[in-house]
Amino acid sequence: MRNNVHIAKKLLKWYDVNARNLPWRISPIDSQIGIKPNPYHIWLSEIMLQQTTVNVVKPYYESFISKWPTITDIAAAKDEEIMEAWAGLGYYRRARNLIKCAKIVVKDYKGLFPKDEHLLLKLPGVGTYTSAAIRSIGFKKKATVIDGNVARIISRLYVMTKPIALSSKEIKSHADSLVPTKRFGDYAQALMDLGSQICTPRNPKCSNCPINKDCKAFTSGLSNKIPYPVQKKAKQVRYGYAFVTLTKNNNIILERRPADGLLGGMLCFPSSEWRNSQELNFDPPFEADWHVLNESITHVFSHFNLQLKIVHSRINLAPSGYLVMPVKNFNRAALPSLMRKIFDIGVVQSLADLS
DNA sequence: AAACCGGGGAA
DNA sequence: TTCCCAGGTTT
């Protein structure tokens, strides 16, 4: 394969001028004068950034660093505190793996991330991408970082005529061949910045691209046709009831979902089974004088849409087996977004009925 | 290889 | 609306 060094050089030169300023990032100038990244910061940001956009992550990242300045603090925190701080960010398995990973790093590695790829890959929540990101950005080691940006850039550079998911081996070999001999972290971040600012999924800004002359998609006018999309399955709708209950003392009734599966480990209102059919059995979790509200909420998950009718009741005494929390001072932000919608309708309406 | 797993922002 | 995002894990 022909020497690609000139491509990395152009990217790094572009990055020196166009690097985004991000809370977890060491700027190219600071990096050059020897300021070292904090692998804990890099790990935390990378976990949060999995399938999640930069601007959504920023406030969560700042909040975590402020609450838990070191990985030892994460490992020592209560699980519920971490889950509450993660609420709203989605993909909650990431938070559960974050906790597991922090405990392993503290126990087995004295609180310092290993640099070895093989050891990193054994950590929960750390796969090929995150391992390479920690190694290159966190430790300035050589590693091939391939995320959605890199895959898209490479598929265009070489005009790959199959969807990205079917070209992973080819993308990996090209990506390997493009990695420079130094500035591994800056190079990885340069690719991400190029992907987010120039080589965007739709309408890439090829005229501003520092490597457009090296890009086969650009030189052949195919930039907007690559990468080829994958066929998508139509989303189904699931239906159910969500049960909002206030006790006489204005406590709300919640439960914590099991650790595995959808919204695992999160606080939730009790709900019925979610079925593909609108023919629902009204099957409340406990005895009460239930009122079905006119309102329902809709929510979009990655693989299905959900529509829940909201039901509420007032009871004297909380049934056992549930979490009972004063609605006054309740931190709405502790709920995943779906449950926030239910809270906003069900609890507000229940309180209004009192007056 | 494909499904599962949230939520939001850009176009 | 549609798309897809600094993916990992399980099936």
Side-chain angles (χ1 to χ4, degrees), chain A residues 20 22-25 41-61 83 86-98 100-101 120-138 143-153 162-169 175 185 187-197 199-205 224 227-236 238 257-266 268 298-306 333 335-341:
Chain A
R20 285 175 295 176
L22 301 172
W24 47 85
R25 183 180 278 186
H41 293 177
I42 302 307
W43 164 72
L44 177 62
S45 66
E46 292 301 347
I47 301 296
M48 288 184 167
L49 286 161
Q50 290 169 6
Q51 298 296 291
T52 310
T53 45
V54 164
N55 283 324
V56 173
V57 164
K58 276 182 188 169
Y60 283 89
Y61 174 82
M83 300 313 287
W86 196 277
L89 200 51
Y91 284 110
Y92 298 98
R93 187 168 62 187
R94 292 183 295 173
R96 299 193 300 277
N97 281 335
L98 186 89
K100 286 186 202 164
C101 182
L120 283 168
L121 286 173
K122 289 208 296 190
L123 297 171
V126 177
T128 53
Y129 165 76
T130 305
S131 157
I134 293 174
R135 276 172 49 72
S136 62
I137 303 171
T144 305
V145 171
I146 302 173
D147 67 340
N149 292 301
V150 177
R152 186 172 60 254
I153 291 166
K162 287 187 294 187
I164 282 175
L166 304 177
S167 314
S168 53
K169 291 195 108 171
Y187 172 72
Q189 294 174 109
L191 284 171
M192 295 170 198
D193 285 7
L194 190 82
S196 75
Q197 299 177 50
C199 198
T200 49
R202 283 178 288 194
N203 305 317
K205 290 133 195 86
N224 231 340
Y228 277 49
V230 289
Q231 192 101 359
K232 285 217 173 105
K233 231 176 70 174
K235 267 187 203 176
Q236 292 195 320
R238 296 184 195 171
R257 292 176 64 96
D260 291 319
L262 192 72
L263 303 175
M266 302 305 293
C268 289
T298 59
H299 192 74
V300 177
F301 288 102
S302 52
H303 51 302
F304 66 93
N305 294 338
L306 179 65
L335 299 171
S337 295
L338 159 64
M339 297 297 154
R340 291 178 193 173
K341 295 178 186 175

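Chain letters run A, B, ... following the sequence lines, proteins first and then strands; every chain starts at 1.
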A.B. asks: Between dC3(C) and dG6(B), how many Å separate the two C1' atoms, rounded to a whole number?
C.D. replies: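 That atom pair is separated by 15 Å.
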A.B. asks: Whether the Arg25(A) and Gln189(A) side chains hold a donor-acceptor pair (N or O, under 3.5 Å, no angle test) is what I'd like checked.
C.D. replies: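 Result is yes, a qualifying pair exists.
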A.B. asks: So if I take every side-chain heavy atom of Leu49(A) and compare against dG6(B), dA6(C), dT9(C), which nucleotide ends up nearest?
C.D. replies: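 Out of dG6(B), dA6(C), dT9(C), the nucleotide with an atom closest to Leu49(A)'s side chain is dA6(C).
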A.B. asks: Over all strands shown, is Arg152(A) touching base, sugar-phosphate only, or nothing at heavy-atom distances under 4.0 angstrom?
C.D. replies: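 Since only primed, P, OP1 and OP2 atoms lie under 4.0 Å of Arg152(A), the category is sugar-phosphate.
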A.B. asks: Grab the CZ-P distance between Arg238(A) and dC4(B) for me, whole Å please.
C.D. replies: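 In whole Å, dC4(B) P and Arg238(A) CZ are 7 Å from each other.
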A.B. asks: Identify, between Gly195(A) and Gly125(A), the residue whose nearest nucleotide on DNA chain C lies closer to the 5' end.
C.D. replies: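 In this pair, the answer is Gly195(A).
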A.B. asks: For nucleotides dG8(B) and dT9(C), find the distance between their C1' atoms and express it as a whole number of Å.
C.D. replies: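 Their C1' atoms lie roughly 23 Å apart.
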A.B. asks: Looking at Tyr91(A) and dG6(B), is any side-chain donor or acceptor paired with a base atom of the opposite kind under 3.5 Å?
C.D. replies: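 Answer yes: a donor N or O sits under 3.5 Å from an acceptor.
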A.B. asks: When you get a sec, tell me which of dG6(B), dG9(B), dG8(C) is the closest nucleotide to the side chain of Tyr92(A)?
C.D. replies: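 Nearest listed nucleotide: dG6(B).
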A.B. asks: So what does Thr200(A) touch, heavy atoms closer than 4.0 Å: a base, only the sugar-phosphate, or nothing?
C.D. replies: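 No contact at all - Thr200(A) keeps every heavy atom at 4.0 Å or more from the nucleic acid.
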A.B. asks: With sugar-phosphate meaning primed atoms plus P, OP1 and OP2, does Ser45(A) contact a base, only sugar-phosphate, or nothing at under 4.0 Å between heavy atoms?
C.D. replies: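 Touches nothing.
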A.B. asks: Toward the 5' end of DNA chain B, which comes first, Gly88(A) or Ser168(A), by nearest nucleotide?
C.D. replies: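 This one resolves to Ser168(A).
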A.B. asks: Write down the distance between CG (Asp260(A)) and P (dT11(C)), rounded to a whole number of angstrom.
C.D. replies: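 In whole Å, dT11(C) P lies 10 Å from Asp260(A) CG.
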A.B. asks: In whole angstrom, give the distance that lies between atom CZ of Arg96(A) and atom C1' of dG8(C).
C.D. replies: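 Value for this atom pair: 12 Å.
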A.B. asks: Quick one: which of dT2(C), dG7(B), dG6(B) gets closest to the side chain of Arg202(A)?
C.D. replies: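 Nearest to the side-chain atoms of Arg202(A), counting from C-beta on, is dT2(C).
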A.B. asks: Identify whether any heavy atom of Arg20(A) sits under 4.0 Å from a base atom; if not, whether one sits that close to sugar-phosphate; answer base, sugar-phosphate or nothing.
C.D. replies: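 Base, at least one base heavy atom under 4.0 Å.
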A.B. asks: Just to be sure I understand the rule, does Ile137(A) reach a base, reach only the sugar-phosphate, or reach nothing, if contact means heavy atoms closer than 4.0 Å?
C.D. replies: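 Since no nucleic acid heavy atom lies under 4.0 Å of Ile137(A), the category is nothing.
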A.B. asks: Is the distance from OP1 or OP2 of dC4(B) to the nearest side-chain N or O of His303(A) less than 4.0 Å?
C.D. replies: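 No.
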A.B. asks: With respect to the phosphate group of dG8(B), does any side-chain polar atom (N or O) of Ser337(A) fall under 4.0 Å of OP1 or OP2?
C.D. replies: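 The answer is yes; a side-chain N or O of Ser337(A) sits under 4.0 Å from OP1 or OP2.
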A.B. asks: Within a reach of under 6.0 Å around NZ of Lys235(A), are more than 12 heavy atoms found that belong to other residues, nucleotides or ligands?
C.D. replies: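 Yes, enclosed.
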A.B. asks: For Gln51(A) and dC5(C), give me the distance from atom CD to atom P, rounded to whole Å.
C.D. replies: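 Atom CD in Gln51(A) sits about 7 Å away from atom P in dC5(C).
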A.B. asks: Report yes if at least one side-chain N or O of Asn55(A) is closer than 4.0 Å to OP1 or OP2 of dG9(B); otherwise report no.
C.D. replies: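 So the side-chain polar atoms of Asn55(A) never come under 4.0 Å of the phosphate oxygens OP1 or OP2 of dG9(B).
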A.B. asks: Taking the nucleotide of DNA chain B with the nearest heavy atom to each, does Arg94(A) or Asn203(A) sit closer to the 5' end?
C.D. replies: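 So the residue in question is Arg94(A).
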A.B. asks: Would you kindly give the CG-to-P distance between Leu121(A) and dG7(C), to the nearest whole Å?
C.D. replies: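 In whole Å, dG7(C) P lies 16 Å from Leu121(A) CG.
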A.B. asks: Could you list by number each residue of residues 227-236 of chain A showing a heavy-atom separation from DNA chain C of less than 4.0 Å, or answer none if no residue does?
C.D. replies: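 Nucleic-acid contacts, sorted: Lys232(A).
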A.B. asks: How close do Ser136(A) and Ala188(A) get, heavy atom to heavy atom, and via which atoms?
C.D. replies: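 Nearest heavy atoms, Ser136(A) then Ala188(A): OG-CB, 3.9 Å.
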A.B. asks: For the residue pair Ile153(A) and Gly195(A), what are the closest heavy atoms and their distance?
C.D. replies: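 Heavy atoms only, the tightest pair is CD1-N, 3.8 Å.
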A.B. asks: Which part of the nucleic acid, if any, lies within contact of Trp24(A), taking any heavy atom under 4.0 Å across all strands shown: a base, the sugar-phosphate backbone alone, or nothing?
C.D. replies: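 Result for Trp24(A) = base.
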A.B. asks: How many whole angstroms separate atom OH of Tyr61(A) from atom P of dG8(B)?
C.D. replies: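 Atom-to-atom, Tyr61(A) to dG8(B), this comes out as 22 Å.
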A.B. asks: Should His299(A) be listed as having a side-chain N or O under 4.0 Å from OP1 or OP2 of dG6(B)?
C.D. replies: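 Answer no for this pair, as no side-chain N or O of His299(A) is under 4.0 Å from OP1 or OP2.
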A.B. asks: Rounding to an integer number of angstrom, what distance separates dG8(C) and dG9(B) when you compare their C1' atoms?
C.D. replies: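 Those two atoms are separated by 23 Å.
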A.B. asks: State which of dA2(B), dC5(B), dA6(C) makes the closest approach to the side chain of Leu166(A).
C.D. replies: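 Looking only at side-chain atoms, Leu166(A) lies closest to dA2(B).
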A.B. asks: Does any donor-acceptor pair link the side chain of Thr52(A) with the base of dG6(B) at a separation under 3.5 Å?
C.D. replies: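 Side chain to base: pair found, below 3.5 Å.
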A.B. asks: Hey, does the side-chain of Arg93(A) have a donor or acceptor N/O within less than 3.5 Å of a partner on the base of dG8(C)?
C.D. replies: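 Yes.
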A.B. asks: Considering only side-chain heavy atoms of Tyr129(A), which listed nucleotide, dC4(C), dC4(B), dG8(C), is closest?
C.D. replies: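 Looking only at heavy atoms from C-beta outward on Tyr129(A), the closest nucleotide is dG8(C).
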A.B. asks: Under 4.0 Å, heavy atoms only, any strand: does Ile42(A) hit a base, just the sugar-phosphate, or nothing?
C.D. replies: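 Result for Ile42(A) = nothing.
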